[in-house]
Amino acid sequence: MPPTPARLALIHTGGTIASRPDPGGAGLTPQQAPQLTEHVPGLEDVQVQTYQPFNLPSPHVTPAHMLELARLIGGLEDVSGAVITHGTDTLEETAFFLHLTLLCPFPVVLTGSMRHAAELSGDGPGNLRDAAQVALHPASRATYGTGRGPLVVFGGDIFDARTVTKVHTSAVDAFGGYPGPIGRIDQGAGGPALRYFAGPEVRHLYAPPELKAKVEVLYAYAGWQGEGFAEAEARADGLVIAALGTGNLPAELLPLIEATHKPVVIATRTHAGPILPVYGYAGGGATLRRAGAIPASFLNAHKARLLLLLLLSLGLEQSEVRRVFEDGLF
Ligand SMILES: NC(=O)C[C@H](N)C(=O)O
């Protein structure tokens, strides 16, 4: 049972939601003390415990920071829900990393802002209130082994960590992703109105004690002849390629993928849809799969990278890695 009164863990990690313009004109940077204090607007009856494991612009966040967050949240006791404030640039990667590594009995919700607090109509306080209400709502609660996993709340939309992605560099409605939100929170006359459009699903966890694998991402383009492939393959334990359409590549990539013994995961640079091994021309998805490449399903390249990083850090064989991606066990 959740504690009464409700106890919210509020974990600040930096990003625009914690930033102010530098008085010297050098640009926005996260502040040492987050602007958003423990007094979450609209949640005066909630006991809030704040944490600040790091205070970074999210382009500086690494998988090691994500692991630190997973450990922090995994160690929380007697908590009704957790909210993580995070920069928006890599927020979806932290959300997906936690989705893959963290099983806890309370909801975990990530949010951020596109405007800093000194701007007219900053979006931070509203997003934080929405995220806290989602985290404390009974419909968000997980049971062990199943559950919604970490959620992303932005502009009132509630997203699944697997599918959410940043879709705009500057607009306040910066998050989307196919097939869209799994829920919505609005502020009704009598309090928050929250609705989910789908039930929780079975979760699959991949939580290595340390992140020892190296995985690199390559981005395909018209006329790519494989530049950078050999160097990346030599450095890394596995590769992800943001390929074309349903997962196709120029013909020159086919022999490179045939020759490597390292896992090569094929994602797409297209913004929605799965990888399908349909095309049989040299470099077409069907030929890449026959050459040993692993289709990333509907994961974007940077999320496929995190999954591959975790699976290789756990020491999984290539056949097991293939099964996780192909059977959608994430
Ligand atoms: N809106 C933001 O938070 C963007 C910022 N560059 C960050 O990700 O830290």
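What you see is a predicted model, and the numbers here were worked out from it, not measured in a lab. All values below were derived from every heavy atom in this structure, side-chain atoms included, with hydrogens, water molecules and symmetry-related copies excluded. Both ligands and their constituent atoms are indexed starting at 1 by order of listing.
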Distance-only criterion, 3.5 Å: show the donor-acceptor pairs between side-chain atoms of residues 217-227 and protein atoms not counting sequence neighbours.
from	atom 1	to	atom 2	distance (Å)
W224	NE1	E227	O	3.0
E227	OE1	Q225	N	2.9

*Plane angle bin for Y279 and Y281 - parallel if under 30°, tilted between 30 and 60°, otherwise perpendicular*: tilted
*Do the ring centers of F330 and F298 come within less than 6.0 Å of each other?*
yes
*List the atom of N127, the atom of G155, and the distance in Å for their closest heavy-atom pair.*
OD1-N, 3.0 Å
_Residues in the immediate environment of ligand 1 (any heavy atom closer than 4.0 angstrom)_ = G15, T16, P57, S58, P59, G87, T88, D89, S113, M114
*Ignoring hydrogens and angles, state whether a donor on the side chain of N55 or Q31 is under 3.5 Å from an acceptor on the partner side chain.*
no
_Less than 6.0 angstrom from the centroid, inside 45 degrees of the normal: does R148 satisfy that with respect to the ring of Y196?_
yes
